[in-house]
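I have placed the structure first, in the form of structure tokens, so that the comments after it can refer back to it.
Per chain, numbering begins at 1; letters A, B, ... match sequence-line order.
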Amino acid sequence: MKITPIALYDILLKEFGNLNWWPKDKKYHEKNSSDPRFEVIIGTILTQNTAWSNVEKAINNLKEKNMLDIKKISRSDMVILPNLIKPSGYFNQKAERLKNLAMYIYNNYNGNLDLFFNRNPQEIRDELLSQNGIGPETADSILLYAGNLPIFVVDAYTKRICQRIPFKVDIKYDEIQDFFQSELSKLYKANKLTKVYNELHAQIVILGKTYCKKKPNCIECPILKNCNFGIQLSK
DNA sequence: GTCCAGGGCCGTT
DNA sequence: AACGGCCATGGA
């Protein structure tokens, strides 16, 4: 049975409901009057090729030291910071990346994320991509989940699912992103796209973690009947 | 013990 | 353009 990105979204929305990503600690930010968008930005770097459970440990360490702050990260000691984020893995690289980005935003936008995000998304994206350690997925996650901008995030799960279904699209980041964005904007109005991209990427991650793993669990997968990979497997 | 996770960079073909 | 090695922890 043929499936489109729109149909995929329908199925996953029924299966998982609204997930309201990105995961963040609202209570913490209310209590400390800190900016939850910066927690998202930190999370996008810490979760690079890393299980989220490990990222949570790192973020908790930052909270305990009151370091979940753009100014403090931008001035952090490069012995202390890697140590705090150690559970997230690649901690030396990630500490550099975090500090560089925090310094960039702090120096050029006075740490003001409203100023940073209130521009043409393409311009912000190019700027993010020019930073060391920020590739397309991290940049787009920042745009979508911190900036609330209508940019679809492609990750390893998205690529895997595109191949397994399969969608008729070249397996490259930009091609897949263009494919999802052009398909979904056929049905949804421009002012709904941020919400749709937010939910669909979140649902794809859950689908990937739960069913469409490297070693997949197709039998219980909600898109079994719409996926060539699962159909072949169940024969 | 082995495999894997919500990538990205760099050097080599 | 494409590919391999590298970065590293913690849970399954």
Side-chain angles (χ1 to χ4, degrees), chain A residues 8-9 12 15-16 18-25 36-62 64 78-102 104 125-147 149 151-164 169-177 180 194 196-217 220-221:
Chain A
L8 177 65
Y9 181 48
L12 296 182
E15 182 71 19
F16 300 129
N18 282 294
L19 297 169
N20 294 311
W21 265 21
W22 184 282
K24 50 189 171 281
D25 189 341
R37 292 174 295 181
F38 194 57
E39 180 179 355
V40 175
I41 292 173
I42 292 177
T44 63
I45 292 176
L46 294 183
T47 197
Q48 290 173 349
N49 199 37
T50 298
W52 183 254
S53 56
N54 285 1
V55 177
E56 284 183 313
K57 296 178 204 301
I59 290 181
N60 283 333
N61 289 344
L62 292 172
E64 280 177 18
M78 288 314 275
V79 174
I80 293 175
L81 184 61
N83 193 48
L84 289 175
I85 66 169
K86 188 170 273 187
S88 71
Y90 311 130
F91 48 87
N92 289 314
Q93 280 191 357
K94 287 177 178 175
E96 288 288 336
R97 293 173 182 185
L98 280 181
K99 183 167 179 175
N100 285 344
L101 183 59
Y104 184 79
R125 188 176 198 265
D126 290 341
E127 213 170 88
L128 286 168
L129 288 176
S130 74
Q131 301 301 307
N132 188 275
I134 311 285
E137 186 189 337
T138 306
D140 290 337
S141 297
I142 291 172
L143 290 167
L144 178 60
Y145 290 109
L149 296 165
I151 307 290
F152 185 74
V153 177
V154 176
D155 64 355
Y157 293 130
T158 315
K159 290 182 181 174
R160 183 189 298 160
I161 290 163
C162 281
Q163 290 188 94
R164 285 181 173 174
V169 61
D170 205 359
I171 205 70
K172 293 177 191 161
Y173 191 98
D174 290 344
E175 305 270 337
I176 295 175
Q177 183 179 50
F180 273 83
T194 295
V196 172
Y197 295 161
N198 177 317
E199 290 299 334
L200 181 53
H201 172 67
Q203 289 154 358
I204 285 174
V205 172
I206 302 302
L207 184 73
K209 276 186 186 173
T210 315
Y211 304 103
C212 202
K213 302 181 280 196
K214 271 201 176 170
K215 210 181 151 194
N217 177 7
E220 300 175 51
C221 179

Report yes if the side chains of A:Ser88 and A:Thr47 come closer than 4.5 Å at any heavy-atom pair, otherwise no. no
Suppose you measure atom P in B:dG8 against the same atom in C:dG10; what distance do you get, rounded to whole Å? 22 Å
Whole-Å gap separating P (B:dA5) and CD (A:Glu137): 13 Å
Show each protein N/O and nucleotides 10-13 of chain B N/O combination with a separation under 3.5 Å, one pair to a line.
none

Can you find a side chain N or O atom of A:Arg160 that sits less than 4.0 Å from OP1 or OP2 on B:dA5? yes
If you assign A:Gln131 and A:Tyr145 each to the DNA chain B nucleotide with the nearest heavy atom, which residue ends up on the more 5' nucleotide? A:Tyr145
Indicate, with a heavy-atom threshold strictly under 4.0 Å, whether A:Lys214 touches base, sugar-phosphate, or nothing. sugar-phosphate
I'd like to check A:Asn61 versus A:Ile85 (side-chain heavy atoms, cut-off strictly below 4.5 Å). Are they in contact? no
Side chain to side chain donor-acceptor pair (under 3.5 Å) partner of A:Gln48, the single match among A:Gln93, A:Arg97, A:Glu137, A:Lys94: A:Arg97
Measuring to OP1 and OP2 of B:dG8, would you say a side-chain N or O of A:Thr138 lies under 4.0 angstrom away? yes
How would you summarise protein contacts on nucleotides 2-12 of chain C per nucleotide, using B for base, S for sugar-phosphate only and - for none, with heavy-atom distances below 4.0 Å? S----BBBSS-
Separation of A:Leu128 atom CG from B:dG8 atom C1', in whole Å? 14 Å
Looking across every strand, which nucleic acid part, if any, lies under 4.0 Å from A:Ile134 by heavy atom: base, sugar-phosphate, or nothing? sugar-phosphate
Side chains of A:Tyr157 and A:Leu207, heavy atoms from C-beta outward: is any pair under 4.5 Å? no
When we call it a touch if two heavy atoms are under 4.0 Å apart, what does A:Pro82 touch: a base, just sugar-phosphate, or nothing? nothing
So, A:Lys172 and A:Asp170, do they make that salt bridge, N to O below 4.0 Å? yes
